[in-house]
A.B. asks: 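Pasting a structure below so you can have a look.
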Amino acid sequence: MNGKFLKPYDPKENEEAIYASWEKSGYFNPDNLPARHKKPFTVIMPPPNANGSLHTGHAVFVTIEDLIIRYKRMRGYKTLWLPGADHAGFETQVVYEKQLEKEGRTRFGMDPMKLRDEILAFTLANKSFMENQLRQLGASCDWSREKFTLDREIIDIVYQTFKKMNDDGLVYRSQKSINWCTKHQTSLSELETISEERIDPLYYMKYGPFVLATVRPETKFGDTAIAVNPKDKRYKNWIGKVIEFEGLIGPVKLKVIGDDYVDQEFGTGVVKITPAHDPNDFLVAQRHNLPVVEVIDQYGKLNDRCGKYAGMKVEEARKQVAIDLEKKGMLEKVEQNYKHAVKKCYKCERILEPRILPQWFVKMKPLTEPAIKYIKNGKIVFYPEHYKKIMLHWLNNIEDWNVSRQIVWGIPIPAWYKGNKIHIGEEAPDDGWKKETDTFDTWFSSGQWPFATLGYPNHSDYKKFYPTQVMETAGEIIFFWVARMIMLGLYRTGKLPFNVVYLHGIVTARDSKKMSKSRGNIISPIVLTDKYGTDALRMGLIIGNTPGTTTALYEEKIKAYKHFANKIWNVARFVLENTNGMGSKKGTLDKKDTKLKKELMALLKEVTDDMENFRFYLAGEKLYHYLWHTFADKILEESKSIFQGNDDKAKMSRRKVLYEMLLLQLKALHPFVPFVTEAIWSLLPEKKNLLMIEEWPIK
RNA sequence: GCGCGCGUAGCUCAGCUGGUUAGAGUGCGUCGUUGACAUCGACGAGGUCCCCUGUUCGAAUCAGGGCGCGCGCACCA
């Protein structure tokens with residue numbers, strides 16, 4: 001027996017070399033797999049954001065996807081797990097801005113090209129760092145096919161999609177009310193906002209003959225009309241008339257319009273229309289051809305249209321306006337406990353300002369319709385299944401997608417302007433065109449990831465590996481990413497990009513709270529692998545992780561699975577010691593041992609069933625339990641007395657069965673704990689292939 | 001306001017289509033092991049399966065209601 005077994009299993013000593021041997025074998029690449037691997041099986045890796053180190057969320061998806069891929073590889077599929085990295089536009093720019101702040105610098109005023117180059121260098125450094133961490137977690141992905149969202153061939157495909165959408169009338173550039181972050185100086189899509197309930201004062205202001213209610217008196221300088229409901233008997237005679245009164249900074253003249261948007265029951269039934277700073281008012285303004293007067297600038301300060309209030313921040317101006325209205329007797333009353341919702345930036349949690357800016361939008365209805373049809377017909381299976389409902393609900397209530405961001409870090413929107421003319425393309429058609437400076441929402445490119453990474457439409461990989469089989473990711477990004485991949489995949493290729501969506505549970509800290517820097521409860525997966533070994537971490541992330549729920553991760557749990565890895569090691573040691581290096585030589589099993597083996601095979605059948613049905617947490621637990629509490633505690637214990645006895649036939653049979661059962665369990669456990677099983681495999685007396693490409697015990 | 005999920009041993013969680021004394025890991029107690037196991041083994045204590053009503057021969061599991069927690073969506077100024 002190999003002397004290595006005399007020590008406990010040491011992950012540190014083994015893991016790096018084992019990973020290197022896998023990588024060197026070339027079997028991560030489906031093209032190099034032996035001939036029995038015929039049918040393609042593809043998983044596209046959710047590309048981690050290349051702006052920091054891996055967190056537990058990454059560790060979960062790596063573990064589960066690697067588990068799926070290793071299992072399918074052993075079952076004889078031509079498995080491709082395609083890794084990638086995301087430039088993660090806004091996310092990365094925010095991270096980099098924080099770094100700049102620490103250095104006492106700011107992105108504003110910087111040469112955009114220089115800023116872009118700096119972030120690129122930052123991203124590429126993080127990218128290679130992150131790739132090594134993926135290796136450390138045991139990811140058996142095909143590095144030769146790795147893609148980055150800013151690779152030229154990816155950008156080309158993204159541009160083709162944009163062009164096609166333009167030709168099909170699915171994109172448009174238009175002035176609309178958008179969500180503007182005054183810190184980050186960019187617009188955001190609906191998904192990048194969080195809405196928060198707030199209690200604020202509701203101010204009842206006198207407007208000439210009317211009294212009207214508002215939470216934002218400071219926007220009054222941008223009013224361009226007064227609106228009432230046309231059915232409202234109190235006011236309908238006013239419609240079409242112009243009211244005049246003395247405001248805070250001079251005389252005010254406003255037209256009264258009638259619009260169904262106004263709710264007679266709310267407040268006084270009279271609304272001031274401020275198109276520049278309220279999305280609903282903007283819609284009203286469009287219906288009535290009202291002018292749009294901006295009074296709040298991009299930094300959230302009142303501009304020079306606001307007289308003495310110019311330069312004040314919104315909150316400050318609100319208070320001051322209220323005080324001055326009071327003084328002038330124009331404030332009828334204030335309701336203090338008005339409950340309403342405000343939208344905030346999901347990154348800095350500042351209140352977003354609605355602003356009217358020209359932006360690029362994607363029309364969603366034509367994209368959602370086919371997606372809804374496929375999902376309704378069950379062409380995509382969701383784990384857990386209730387996400388089907390959630391997805392349909394979202395798709396049915398979607399708004400057009402703002403894809404332009406006013407940041408440098410991203411794929412530039414390929415557009416040019418000359419007067420009223422717009423040209424789509426990377427190059428200007430001739431002289432005198434002005435280039436678009438906005439970049440795409442990062443999800444516009446990652447939403448095309450499955451077919452873009454495979455080289456749609458002509459690459460042989462696309463033909464062989466698309467559609468992919470499973471999309472495994474976090475439930476949190478189902479709308480950001482999964483929904484868009486479905487829509488854009490259908491749009492470009494006419495096929496669903498995958499037919500299974502598996503959404504793993506979010507990993508929380510022990511107290512079931514989300515891990516976050518501010519809570520200080522972050523556990524680094526890399527620290528855990530260093531301490532307890534990757535196999536232990538993987539088991540800890542698989543067992544107890546049911547799709548769609550949260551899973552608490554804590555150190556004792558991982559420690560327990562380190563013991564399990566060591567248990568496997570010692571079980572193997574015992575078996576090899578007592579079988580005298582016999583390997584799988586011929587011989588016959590007696591009745592009792594035949595039965596033992598049969599029982600194991602029955603369990604492996606169950607495990608296979610669980611794997612096929614995405615019940616990884618059950619499969620892992622069953623294998624764990626069998627090895628420890630049946631194989632080790634019962635069978636090995638009983639074998640001790642057989643080996644000490646005089647029945648040579650029984651000894652021969654037992655040797656053979658233990659060895660065979662060990663091999664079976666190593667195979668079945670490999671996808672879960674690849675390192676320790678491969679380490680043991682390499683120490684077997686017979687010369688063998690890598691365990692990684694052995695056949696799964698059940699057909 | 002609408003929607004989704006969760007509530008099972010001290011802690012973290014399983015329990016798939018309802019079926020014998022409700023499970024695992026961890027923690028706790030007792031005893032034993034140091035020639036597979038920087039340990040491990042055996043045994044044990046510990047649960048009104050949130051509450052109520054119902055369906056059923058039978059419910060932690062299904063239906064209705066309630067309480068508690070978490071999350072998503074939502075333009076009423």
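Letters A, B, ... mirror the listed sequences (proteins, then strands); counts begin at 1.
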A.B. asks: Under 4.0 Å between any heavy atoms, over every strand shown, what does A/Val262 touch: base, sugar-phosphate, or nothing? Just pick one.
C.D. replies: base
A.B. asks: What distance, rounded to whole Å, do you find between the two P atoms, one in B/G68 and one in B/C28?
C.D. replies: 35 Å
A.B. asks: Where is the tightest heavy-atom contact between A/Pro354 and A/Arg216, given as atom of each residue plus distance?
C.D. replies: CD-NH1, 4.0 Å
A.B. asks: Quick one: do the A/Glu218 and A/Tyr309 side chains pair a donor with an acceptor below 3.5 Å?
C.D. replies: no
A.B. asks: Regarding A/Ser187 and A/Gln359, is there a side-chain donor-to-acceptor distance under 3.5 Å anywhere?
C.D. replies: yes
A.B. asks: Indicate whether the side chain of A/Lys272 and that of A/Thr219 have a donor and an acceptor atom separated by less than 3.5 Å.
C.D. replies: yes
A.B. asks: List every contact pair, protein side and nucleotides 25-33 of chain B side both N or O, where the distance is under 3.5 Å.
C.D. replies:
unit_1 : atom_1 : unit_2   : atom_2 : d
B/G25  : OP1    : A/His629 : NE2    : 3.2

A.B. asks: A/Gln644 has an atom CD; how far is it from atom C1' of B/A36, in whole Å?
C.D. replies: 13 Å
A.B. asks: I'd like the P distance from B/G5 over to B/C62, given in whole Å.
C.D. replies: 12 Å
A.B. asks: Take the protein atom CG of A/Leu541 and the nucleotide atom C1' of B/U12, then report the distance between them rounded to whole Å.
C.D. replies: 14 Å
A.B. asks: RNA chain B: A/Tyr617 or A/Asn570, which has the more 5' nearest nucleotide?
C.D. replies: A/Tyr617
A.B. asks: Can a side chain N or O of A/Asn566 be found less than 4.0 Å away from OP1 or OP2 on B/A38?
C.D. replies: yes
A.B. asks: Whole Å only: how far is the CG atom of A/Leu627 from the P atom of B/C40?
C.D. replies: 13 Å
A.B. asks: For a quick check of understanding: with a heavy-atom distance under 4.0 Å over all strands, which category does A/Lys389 fall into, base, sugar-phosphate or nothing?
C.D. replies: sugar-phosphate
A.B. asks: Just the rounded figure in Å: distance from C1' of B/C40 to NZ of A/Lys562.
C.D. replies: 16 Å
A.B. asks: Could you give the CD-to-P distance, from A/Glu621 to B/C13, as a whole number of Å?
C.D. replies: 14 Å
A.B. asks: I'd like the C1' distance from B/A45 over to B/G10, given in whole Å.
C.D. replies: 12 Å
A.B. asks: With A/Lys176 as the cation and A/Phe361 as the aromatic partner, state whether NZ or CZ is under 6.0 Å from the six-membered ring centre and within 45° of the axis.
C.D. replies: yes
A.B. asks: Using atom OH of A/Tyr387 as one end and atom P of B/G5 as the other, report the distance to the nearest whole Å.
C.D. replies: 10 Å
A.B. asks: C1' atom, B/U12 versus B/U17: distance in rounded Å?
C.D. replies: 27 Å
A.B. asks: Quick one: list whatever passes side-chain hydrogen bond (donor to acceptor under 3.5 Å, both in side chains) with A/Tyr617, sequence neighbours left out.
C.D. replies: none
A.B. asks: Ignoring the backbone of A/Leu618, work out which of B/A14, B/A36, B/A38 is nearest its side chain.
C.D. replies: B/A14
A.B. asks: Suppose we define a pair by two distances each less than 3.5 Å, Watson-Crick or G-U wobble; what does B/A45 pair with here?
C.D. replies: none
A.B. asks: Give a yes or no answer on whether the side chain of A/Asn566 reaches the backbone of A/Tyr9 with a donor-acceptor pair at less than 3.5 Å.
C.D. replies: yes
A.B. asks: Between A/Phe616 and A/Phe672, is the ring centre distance below 6.0 Å?
C.D. replies: no
A.B. asks: Counting only heavy atoms not in A/Glu385, do more than 12 sit closer than 6.0 Å to its CD atom?
C.D. replies: no
A.B. asks: Reckon A/Glu637 touches a base, only the sugar-phosphate, or nothing at all at heavy-atom distances under 4.0 Å?
C.D. replies: base
A.B. asks: Reckon A/Thr546 has a side-chain N or O less than 4.0 Å from the OP1 or OP2 of B/A14?
C.D. replies: yes
A.B. asks: Need the pair for B/U12. Rule: Watson-Crick or G-U wobble, both distances under 3.5 Å, any strand; none if unpaired.
C.D. replies: B/A24
A.B. asks: For A/Tyr561 and A/Tyr532, I'd like to know if the aromatic rings sit close, meaning centre-to-centre distance below 6.0 Å.
C.D. replies: no
A.B. asks: How is A/Ala227 classified with respect to the nucleic acid when contacts are heavy atoms under 4.0 Å: base, sugar-phosphate, or nothing?
C.D. replies: nothing
A.B. asks: Who does B/U17 pair with, Watson-Crick or G-U, both distances under 3.5 Å?
C.D. replies: none
A.B. asks: Pairing check on B/G5: which nucleotide meets the Watson-Crick or G-U wobble criteria with it, both distances under 3.5 Å?
C.D. replies: B/C69
A.B. asks: What is the separation between atom CD on A/Glu612 and atom P on B/C16, rounded to the nearest whole Å?
C.D. replies: 20 Å
A.B. asks: Taking the nucleotide of RNA chain B with the nearest heavy atom to each, does A/Asp610 or A/Asp263 sit closer to the 5' end?
C.D. replies: A/Asp610
A.B. asks: Report, one pair per line, the protein and nucleotides 69-75 of chain B atoms (nitrogen or oxygen only) whose separation is under 3.5 Å.
C.D. replies:
unit_1 : atom_1 : unit_2   : atom_2 : d
B/C75  : O2'    : A/Asn280 : ND2    : 2.9
B/C75  : N1     : A/Asn280 : OD1    : 3.1
B/C75  : O2     : A/Asn280 : OD1    : 2.9
B/C75  : O2     : A/Asn280 : ND2    : 3.3

A.B. asks: Provide, to the nearest angstrom, the distance between the CZ atom belonging to A/Phe282 and the P atom belonging to B/C76.
C.D. replies: 19 Å
A.B. asks: Scan side-chain atoms only and decide if A/Glu686 and A/Tyr659 contain a donor-acceptor pair under the 3.5 Å cut-off.
C.D. replies: yes
A.B. asks: So which nucleotide does B/G54 pair with, by the Watson-Crick or G-U wobble rule with both distances under 3.5 Å?
C.D. replies: B/C62
